[in-house]
Amino acid sequence: MKKINLFLTIGLLWALTACKDDDTEGFNKKEYSIATEEWYPGGQNGTVFIAGSRAYRQAMPFIDADNNLYKSFMRGEVLSEKSFVSTENAAFSGLGPVYIRKSCIACHPSYGGRSQRVNRLDANDSRNGYLLMIYDPATPTLALASTYFTGMTQTRAVPPYKAPIDEAGIQLEWLNYIDEYGNRYADGTLYSAGTSYEGTLIYPKVTITQDAILFKNADFAGGIGNEGSKYAASIEATIGIYGVGLLDAISDEDLRAEYATQQAREYCKGVIGGDIPESDPSNPFPGVHPGRFTYLCTRGTLDNGPGANAIWNITNVTRPERQYHYITEEYARVSSQDAEVQAALGQSETEIFNHLTSRELPVEMSVTDYDAFMVWHRALAVPAARDLDNPQVQRGKTLFTQAGCVACHRPSWTTRSNYPPMQQLAGQKIFPYTDLLRHDLDMKEPGRVKVCRTTPLWGRGLMPVVSGHSDKLHDLRARNYEEAILWHGGEAKVSKEKFRNMPKEDRDALIRFLESI
C-alpha cells in the first residue's frame with residue numbers, strides 16, 4: 001500500500017558549513033582558572049563552539065573531516081526534516097495508516113530542540129511537540145492502556161482509516177497550583193517575580209470526550225481522564241536529541257555502578273532502568289542493557305531508542321527489520337469491521353485485518369537511508385559551555401553543588417573505550433549533568449511519569465535563542481529554570497528547599513550557572 005523511494009542527492013543538500021552560525025559570543029581563548037575540559041560538555045570530539053539559533057543542529061567536528069560520514073550525516077538530516085506522505089511511489093512516501101507526526105522536525109524543532117507549551121493538541125501546529133499517553137492509573141507502574149492504544153497514541157490517520165483518538169475531542173487545560181509557601185520564597189519574594197506570570201505555578205490536565213475515542217465499549221464510558229473514567233491521559237514533551245550518541249556510549253557497567261552508589265547512601269536513591277533485552281539484530285551490544293532513554297528509561301541503547309523507534313512508530317514507515325505497522329490488534333479489528341473503511345478500500349474485513357496485522361509488509365525505508373539517519377542522530381553535537389569564567393557563574397556552580405543538585409545531576413562521565421557504532425565517541429569525558437536514573441519528584445499530577453529520568457542539562461541554556469522559549473520538565477509546566485527547580489519535591493525536596501532559602505543574588509547565580517552549561 002505504501003512505498004518509499006528516496007533518491008537523495010548531495011545536490012538537494014545545503015552545505016553543513018553554510019548552516020553554521022558565526023555567533024560565538026562568550027567564547028574566549030585565554031586561560032581560565034577553571035578546568036579547560038568543562039568548556040567541552042560533549043568532549044573534545046562532540047562539542048561545537050556555536051551559541052546561536054542553529055546550536056542544536058550541528059554535526060560533531062569529526063564529521064566534516066570524513067567525506068563518507070559527512071554525506072551520511074547530511075542525508076540523515078534530510079530524512080529527519082522532510083514530511084512523509086501517503087502517496088505511493090513518491091519520495092518520502094510511507095505515511096500511515098495512522099500516525100503521530102509526519103516528520104521528526106515536527107516534534108524536534110531546531111534539529112534537537114523541544115517544542116513549546118501549547119493550549120491545544122494539534123499535530124499540524126509546529127509548536128506542538130507533545131505526545132499523548134493513555135494509561136491505567138490503577139496500575140502501580142502506570143502501565144499504558146496497551147490493549148487499545150500504542151505507547152504513543154496516534155491522533156492522525158490516512159483516509160479512509162480513522163485515528164484511535166480524534167484530536168477535536170482532546171481538552172488540555174493548564175491549572176494553577178499554590179504550594180505550601182503561597183508561591184513565595186523564604187524572603188517573601190514571589191516566584192518568577194518581574195514576569196507576567198509571577199507568583200504562579202501551573203500544571204496540565206488532559207481529558208478526552210467519549211465520542212472522540214474510536215473504541216466504543218464500556219472501558220471508555222465517560223471518556224478518558226474524567227471523573228470515574230477507567231483510563232487517564234497525560235502529555236509528554238519530546239526530549240532534546242543532540243548528544244544522545246555520547247549518552248549511548250556510556251558503558252552499562254558505569255551506569256550500574258552509579259545506581260549502586262546511590263543505593264548505598266541515605267538520600268536521593270535513583271531507580272535504574274530495567275535490564276532491557278535488545279533483540280534488534282543491528283544492535284552493536286547484544287544482550288540486556290539498563291534503560292537510559294525516554295522519561296521512563298524504557299530503552300537501553302540508541303539503536304533501539306528514541307530516533308530509531310520514532311522514525312518508524314511516529315510515521316509508520318516500515319524498514320527491513322520492522323515490516324509491520326505500529327498499531328494494536330484491537331485497532332486492526334475495529335478498522336477492518338468499519339463499513340466505511342471496507343467500502344472505501346473495496347476490501348473485505350479479512351483482507352483489511354490481514355493487511356493491518358501483517359509482519360511482512362513492503363519495505364519503505366532502505367537500510368542505507370536508515371543507517372544515514374542514525375549517523376545524523378548519533379553525531380548531533382553538544383553546544384559548548386559559555387561564560388564559565390564569569391564570577392557569578394562560578395558562584396552558581398558552587399551553590400549548585402552545595403544544594404546537593406549534583407546527587408542526581410551528575411556532572412561528568414567518561415564514555416566507554418570501545419564504541420563500535422562511532423568510535424570517535426569513545427573515551428570522551430562529557431558533562432551532561434545527569435545520572436540517567438529515574439527519581440520521584442512528587443509533582444502535582446505528573447501523569448504516567450511520576451518517577452522520571454534526570455534530565456541532561458547540557459546546552460539547555462540556549463533554548464531561548466534556539467527555540468524561542470524556555471519551557472521545561474517532562475510536560476513543559478515550568479516556564480523557566482526557576483520554576484523547574486521549584487517543582488522539585490520528593491527525593492529532590494531538600495535541594496529545592498536550599499534554593500528557596502537562598503538570597504536572591506544566590507538564586508540568580510545558580511540559574512546563571514545553569515544557563516551557561
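The figures that follow rest on heavy atoms only: side chains count, while hydrogens, waters and symmetry mates do not. On a predicted model such as this, the values are computed, not experimentally measured, just so you know.
Residue pairs satisfying the salt bridge (Lys or Arg N to Asp or Glu O under 4.0 Å) criterion with at least one member in residues 172-183, sequence neighbours excluded, are listed as follows: E180-K493. Among pairs with a residue in residues 209-229, those fulfilling ring-ring contact (aromatic ring centres under 6.0 Å, His included) read Y148-F215, Y148-F220, F149-F215, F149-F220, F220-Y231, at least two apart in sequence or across chains. Residue pairs satisfying the salt bridge (Lys or Arg N to Asp or Glu O under 4.0 Å) criterion with at least one member in residues 95-110, sequence neighbours excluded, are absent.
The environment of CD1 in I178 is sparse: at most 12 heavy-atom neighbours from other residues, nucleotides or ligands sit within 6.0 Å. Under a cut-off of 6.0 angstrom, the local environment of CZ in R265 is crowded, with over 12 non-hydrogen atoms contributed by other residues, nucleotides or ligands. Atom CD of E329 is surrounded by 12 or fewer heavy atoms from other residues, nucleotides or ligands within 6.0 Å.
To the nearest 0.5 angstrom, R127 atom CZ is 11.0 Å from D471 atom CG. Between the CD atom of E351 and the NE2 atom of H355 there is a distance of 11.5 Å, given to the nearest 0.5 Å. Going from atom NZ of K269 over to atom CD of Q262 covers 10.0 Å, rounded to the nearest 0.5 Å. Between the NZ atom in K472 and the CD atom in E482 there is a gap of 11.5 Å [rounded to 0.5 Å]. Distance check: I485 CD1 to S495 OG gives 10.0 Å after rounding to the nearest 0.5 Å. Considering SG of C268 and NE2 of H409, their distance stands at 9.0 Å, rounded to 0.5 Å.
Geometrically, R359 engages Y324 in a cation-pi contact defined by less than 6.0 Å to the ring centre and at most 45° from the axis. For the pair R184 and Y191, the NZ or CZ position fails the cation-pi test of under 6.0 Å to the six-membered ring centre and within 45 degrees of the ring normal.
Using a 4.5 Å heavy-atom cutoff, the side chains of V158 and Y99 are in contact. E321 is not listed as a side-chain neighbour of W312, based on a closest heavy-atom distance of 4.5 Å or more. Contact check for M422 versus V375: side-chain heavy atoms found under the 4.5 Å cut-off. Between L95 and V85, the closest side-chain pair of non-hydrogen atoms is not below 4.5 Å. At a threshold of 4.5 Å between non-hydrogen side-chain atoms, the residues M365 and L79 count as touching. The shortest distance between side-chain heavy atoms of N313 and M152 falls below 4.5 Å.
Remark: D275 pairs with R256 by the salt bridge (Lys or Arg N to Asp or Glu O under 4.0 Å) rule, at least two apart or across chains. Partners of Y419 by side chain to side chain donor-acceptor pair (under 3.5 Å), not counting sequence neighbours, listed by chain and number: D248, R378. Partners of P277 under the side chain to side chain contact (heavy atoms under 4.5 Å, CB included) rule, at least two apart in sequence or in another chain, are V288. For K496, there are no salt bridge (Lys or Arg N to Asp or Glu O under 4.0 Å) partners two or more places apart in sequence or in a different chain. Considering only residues two or more places apart in sequence or on other chains, D122 meets the side chain to side chain donor-acceptor pair (under 3.5 Å) condition with R120, R156. In terms of the salt bridge (Lys or Arg N to Asp or Glu O under 4.0 Å) criterion, residue partners of E340 (sequence neighbours excluded) are, by chain and number, K162. Shown here are the side chain to side chain contact (heavy atoms under 4.5 Å, CB included) partners of A308, two or more places apart in sequence or in another chain: R319, Y370, M374. Residues that satisfy the side chain to side chain contact (heavy atoms under 4.5 Å, CB included) test with A372, not counting sequence neighbours, are S72, R75.
A donor-acceptor pair under 3.5 Å is absent between the side-chain atoms of E258 and the main chain of D435, judged by distance alone. Without hydrogens or angle criteria, S192 side chain to T195 main chain gives no donor-acceptor distance under 3.5 Å. Side-chain atoms of H108 do not come within 3.5 Å of backbone N or O of G129 as any donor-acceptor pair. Looking at S467, its side chain never comes within 3.5 Å of a backbone N or O of P464 through a donor-acceptor pair. Between the side chain of S229 and the backbone N or O of G223 there is at least one donor-acceptor pair closer than 3.5 Å. A donor-acceptor pair is defined here as one N or O able to donate and one able to accept, closer than 3.5 Å; no such pair exists between the side chain of T318 and the backbone of R322. Counting only distance, with no hydrogens or angles, the side chain of D219 and the backbone of K230 share no donor-acceptor pair below 3.5 Å. Side-chain atoms of S358 come within 3.5 Å of backbone atoms of E360 as a donor-acceptor pair (strictly under, hydrogens ignored). Using modelled atom types, one side-chain atom of N226 and one backbone atom of G222 make a donor-acceptor pair closer than 3.5 Å. Distance alone, capped at 3.5 Å, places no donor-acceptor pair between the E515 side chain and the L510 backbone.
Under the 3.5 Å distance criterion, with hydrogens and angles disregarded, a donor-acceptor pair is assigned to the side chains of E491 and H439. Looking at D211 and T209, their side chains do bring a donor and an acceptor atom within 3.5 Å of each other. When only modelled atom types and interatomic distance are considered, T155 and E167 share a side-chain donor-acceptor pair under 3.5 Å. Judged by distance alone, the side chains of Y481 and R507 never bring a donor and an acceptor atom under 3.5 Å apart. No side-chain N or O of Y161 forms a donor-acceptor pair with one of Q154 less than 3.5 Å apart.
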For E483 and R477, what are the C-alpha separation, side-chain angles and deciding distance, and is it a salt bridge (Lys or Arg N to Asp or Glu O under 4.0 Å)?
CA-CA 8 Å; E483 290 188 354; R477 66 177 65 194; over 6 Å; no
Side chain to side chain contact (heavy atoms under 4.5 Å, CB included) between Q342 and Q347: does it pass, once the steps are laid out?
CA-CA 5 Å; Q342 293 175 8; Q347 295 177 351; over 6 Å; no
Under the criterion side chain to side chain contact (heavy atoms under 4.5 Å, CB included), I'd like the reasoning laid out for F499 against I511: C-alpha separation, chi angles, the key distance, then a yes or no.
CA-CA 10 Å; F499 178 77; I511 291 173; 4.0 Å; yes
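Pairing each heavy atom of I100 with each of T153, the nearest pair is CG1-O, 3.9 Å. Counting all heavy atoms, side chain and backbone alike, P456 lies closest to L247 at CG-CD1, 4.1 Å. A pairwise comparison of heavy atoms in V451 and L296 identifies O-CD2, 3.4 Å as the closest pair.
Between Y56 and Y242, the ring-plane angle classifies as parallel under the 30° and 60° cut-offs. Classified by interplanar angle (parallel below 30°, tilted 30° to 60°, perpendicular above 60°), the ring pair Y130/W174 is tilted. Note: F373 and H377 have parallel aromatic rings, judged against thresholds of 30 and 60 degrees for the angle between ring planes.
The pair E253-R416 does not meet the salt-bridge criterion, since no charged nitrogen lies less than 4.0 angstrom from a carboxylate oxygen.
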Pairs under 3.5 angstrom only: tabulate donor-acceptor contacts from the side chains of residues 198-207 to other protein residues two or more places apart or in another chain.
unit_1	atom_1	unit_2	atom_2	d
E198	OE1	G194	N	2.9
T200	OG1	Y197	O	2.5
T200	OG1	R479	NH2	2.9

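Between W413 and F431, the distance separating the two ring centers is not shorter than 6.0 angstrom.
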